[in-house]
Amino acid sequence: MDSVKKLVLNSLTTVERPQEIEAWILAYENATEALSLPTTKLVVVAVTYFRGYLAVWAARCRERNPDITWQEFKRALTEEFVDTNVAHRAQDQLLRCRQRPEE
């Protein structure tokens, strides 16, 4: 009998920094490659690691496109969370900028 393959990976609940998503994707791809997970199962397995808003987002993403590929899902995930976080951080930095009085 074949041994059961287990994927051990942290769940994603919130995304504080863009690097968290990028690091999770890299770890996930390395682990699924090591386990020879079929590409047709990558999205289905990935979403089991999402919690909170990420889980809701993933469910909606899959509802809109039930046949979404891993590459499409990864691109949507990055666009939603990485690009958004970078834009928010830039906006926050801009709002914290203050004009210095002229001397």
Side-chain angles (χ1 to χ4, degrees):
M1 184 171 155
D2 291 330
S3 62
V4 175
K5 296 178 181 179
K6 186 173 180 180
L7 181 62
V8 178
L9 198 63
N10 291 333
S11 295
L12 276 176
T13 303
T14 60
V15 180
E16 302 284 326
R17 297 179 323 244
Q19 298 88 349
E20 293 174 44
I21 287 284
E22 294 167 336
W24 187 89
I25 289 171
L26 179 62
Y28 179 74
E29 289 180 332
N30 287 339
T32 56
E33 182 180 346
L35 295 176
S36 300
L37 190 68
T39 57
T40 56
K41 300 290 184 192
L42 291 176
V43 174
V44 174
V45 173
V47 299
T48 65
Y49 289 91
F50 294 177
R51 304 288 180 268
Y53 177 71
L54 280 157
V56 172
W57 175 87
R60 288 182 184 155
C61 186
R62 293 182 63 213
E63 284 173 4
R64 286 189 302 272
N65 184 357
D67 299 321
I68 193 167
T69 66
W70 171 246
Q71 292 304 319
E72 293 167 335
F73 184 81
K74 184 170 66 168
R75 184 173 38 258
L77 180 65
T78 302
E79 287 173 0
E80 179 70 21
F81 295 101
V82 174
D83 296 344
T84 300
N85 280 346
V86 170
H88 283 290
R89 189 170 56 240
Q91 184 179 16
D92 288 344
Q93 288 174 345
L94 182 61
L95 292 173
R96 286 194 302 262
C97 288
R98 298 175 193 244
Q99 188 172 0
R100 295 181 189 173
E102 291 184 25
E103 295 180 16

Inset, instruction - Decide if the gap between the ring center of W24 and the ring center of F81 is smaller than 6.0 angstrom. - result: no
Legend entry - Heavy-atom neighbours of N10 CG exceed 12 at 6.0 Å: no
Point-to-point distance, once rounded to the nearest 0.5 Å, from [atom1] of [X] to [atom2] of [Y]:
{"X": "Q19", "Y": "L26", "atom1": "CD", "atom2": "CG", "value": "13.0 Å"}
{"X": "L12", "Y": "I25", "atom1": "CG", "atom2": "CD1", "value": "8.5 Å"}
{"X": "E79", "Y": "I21", "atom1": "CD", "atom2": "CD1", "value": "13.0 Å"}

Legend entry - salt bridge (Lys or Arg N to Asp or Glu O under 4.0 Å): pairs with one or both residues in residues 48-63, sequence neighbours excluded: none
Inset, instruction - Heavy atoms only: give me the nearest E72-N65 pair and the separation to one decimal. - result: OE1-ND2, 3.8 Å
Inset, instruction - Answer yes if L77 and V44 sit in the same cluster of Ile, Leu, Val, Met, Phe, Trp and Tyr residues linked by side chain heavy atoms under 4.5 Å apart, and no otherwise. - result: no
Inset, instruction - Could you state whether V56 and F50 fall into the same hydrophobic cluster, counting links through intermediate Ile, Leu, Val, Met, Phe, Trp or Tyr residues with side-chain heavy atoms under 4.5 angstrom apart? - result: no
Legend entry - Worked check of side-chain contact (heavy atoms from CB on, under 4.5 Å) between V47 and F73: CA-CA 10 Å; V47 299; F73 184 81; 3.7 Å; yes
Legend entry - W70 side chain near V45 side chain, heavy-atom distance below 4.5 Å: no
Inset, instruction - Quickly, which of V43, L37, T39 forms a side chain to side chain contact (heavy atoms under 4.5 Å, CB included) with K41? Name it, please. - result: L37
